[in-house]
Structure formats: structure tokens, C-alpha cells
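The structure presented is a predicted model; accordingly, all values stated were derived computationally and were not measured.
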Amino acid sequence: MERRGGWILASMGHVLAVSLVATEAILLLEGRWQEALPLHLCSLSAMAALVLAFGEHGMLLDFLWYLGMPGAALALIFPAPAVTRCQALLNASYVTTHALILIIPLTAMLAGMRPRRGRAPAMMMILQGIALVAYFVNRALGTDFLFLMAPPAGTPLVTAYSWGYPAYLLALEAIMLAVCMVMDTILSQLCRKSSE
């Protein structure tokens, strides 16, 4: 039996796959393989959304609800795409990918899937593991995955960076914790309203 909204999700999954391949191809063709590694929150979220588009995976929906969707929304509000010779194509891929990180889980939720309440601590623990890997990859390759080394230009994180590196890292942690707690509160409210 096909799940509700399956063909819509699968169609969005195909578009997301094309968008991800376009981004990776641009970076690889320019010899920037280090930047093509999927260690940004949005890269990981895009892969989670891609898998979610083709099947029901509760843990992935949790990850997208608590971390991926807020991260994608912030990336659309404060865009920081890589600079490339194919800027127009990369910008289109950037917007498409981040929009689908938002739309795919929302569509899955409309089809009946639900993220689980109270998962903020677990998602923060997962994020800590990802950040630890990203930190050592950044040090080894000179990259800036998860913006752990420096903030993207033109974002509010630049102010936090001006306070010094330790304060910047603490600000990143505080922001992500606040985001997870807000998403948990929103989810609690949505569940309460649906049960009334």
C-alpha cells in the first residue's frame, strides 16, 4: 500500500537529488572536493530529507524538525552559498535544496507522519557528534563545516565571532539549543491542538 502523499514526496525527492548533484558537480569540477563533503548541517539535512522523501523514517523526521528545518530557514534568510564560477546555477541549487529541506518534512507531516516530542536533548547530542567530526575535518582540511571556524559573512553570527572564538562557539551552542527548545514547544502546541 502506497503511503499518503508518496508520489508528491518522491517527486520532491527527485528534484532534491538533482539539486544536490548539481551542487556537488560544481564543487568537484572546480577541484573543491573538500567543500563537497556533506558535513554542513544543511548537507546532512538534505540527505535526511532525500531519504524521507522515499520512505517513512521517524528519526530522520525528528532530525529535520529540530535541526534541519530551522537551519534551512535561517540559510534562506541569511544566504551564504559558496562562491563559484557557476554562481547562478549554484544559487538556484542552494535555494532549491534549502526550500526542499523545509517542504519535504512538512509534506510528510501533512501525510500523517509526526516528529516526536521531547527529542531536543537527543538531537543536541547528535549535533555534538557531528560537530566533533566537523571540527577535526575543518582542522585537517582547512574547511569551515558547521561554521565552527568562522561565521559566514553578512550573518548575525559575525557579531558573536567578534566576542572571541570561545564565546562564538558558546553562542553557536546556545543558538542551536534555543532552536531545539523552540521547535519542541511548537510541536507540543501542535500536538495539544490536534488532540482537542
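When each of L52, L110, L9, D62 is paired with P105, the side-chain contact (heavy atoms from CB on, under 4.5 Å) condition holds for L52 and for no other.
For CZ of R139, the number of neighbouring non-hydrogen atoms (other residues, nucleotides, ligands) closer than 6.0 Å is 12 at most.
When side chains are defined from C-beta on, W65 counts as touching M109, because their heavy atoms get closer than 4.5 Å. The shortest distance between side-chain heavy atoms of D184 and R117 falls below 4.5 Å. Counting heavy atoms from C-beta on, the side chains of P151 and Y168 come closer than 4.5 Å. Side-chain contact between I130 and F145 is absent, with no heavy atoms from C-beta onward closer than 4.5 Å. Looking at L190 and R114, their side chains never come closer than 4.5 Å, going by heavy atoms from C-beta outward. With contacts defined as side-chain heavy-atom distances shorter than 4.5 Å, the pair L39/L146 does not qualify. Side-chain contact between S45 and L67 is absent, with no heavy-atom pair separated by less than 4.5 Å. Between M59 and R119, some side-chain heavy-atom pair lies under the 4.5 Å cut-off.
One N or O on the side chain of Q87 and one on the backbone of A82 form a donor-acceptor pair closer than 3.5 Å. Using a distance-only test at 3.5 Å, with no hydrogens or angles considered, a donor-acceptor pair links the side chain of T185 to the main chain of M181. Put simply, the side chain of E30 never gets that close to the backbone of L27: no donor and acceptor are under 3.5 Å apart. Judged purely by atom type and a 3.5 angstrom limit, S19 has no side-chain atom pairing as donor or acceptor with the backbone of V15. Using a distance-only test at 3.5 Å, with no hydrogens or angles considered, no donor-acceptor pair links the side chain of E173 to the main chain of L169.
Taking CZ from F63 and CE from M47, the interatomic distance works out to 8.5 Å, rounded to the nearest 0.5 Å. Remark: I26 CD1 to L90 CG distance equals 5.0 Å, nearest 0.5 Å. Atom CG of residue L61 and atom OH of residue Y66 lie 10.0 Å apart, to the nearest 0.5 angstrom. We find the CD1-CE distance between I104 and M69 to be 11.0 Å, quoted to the nearest 0.5 Å. The CG atom of L37 lies 6.5 Å from the CG atom of L141; values are rounded to the nearest 0.5 Å.
There is a path of hydrophobic side-chain contacts, each under 4.5 Å, that joins L16 to W7. Note: the hydrophobic cluster containing I101 does not contain L74 (ILVMFWY, side chain heavy atoms under 4.5 Å, direct or indirect links). F54 and L20 fall within the same hydrophobic cluster, where Ile, Leu, Val, Met, Phe, Trp and Tyr residues are linked whenever their side-chain heavy atoms come under 4.5 Å apart, directly or through other members. Linking Ile, Leu, Val, Met, Phe, Trp and Tyr whenever their side-chain heavy atoms come within less than 4.5 Å puts L132 and L44 in one cluster.
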For side chain to side chain contact (heavy atoms under 4.5 Å, CB included), just list the numbers for Y94 and T23, CA-CA rounded to whole Å, side-chain angles, deciding distance to a tenth of an Å, and then say yes or no. CA-CA 8 Å; Y94 180 93; T23 298; over 6 Å; no
Working note: M123 + M176, criterion side chain to side chain contact (heavy atoms under 4.5 Å, CB included); need CA distance, chi angles, decisive distance, verdict. CA-CA 10 Å; M123 294 304 113; M176 293 313 296; over 6 Å; no
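The aromatic rings of F147 and H40 lie tilted to each other, with the angle between the two planes from 30° to 60°. Using the six-membered ring where Trp is involved, Y165 and Y161 have ring planes that are perpendicular, over 60° apart on the 30 and 60° scheme.
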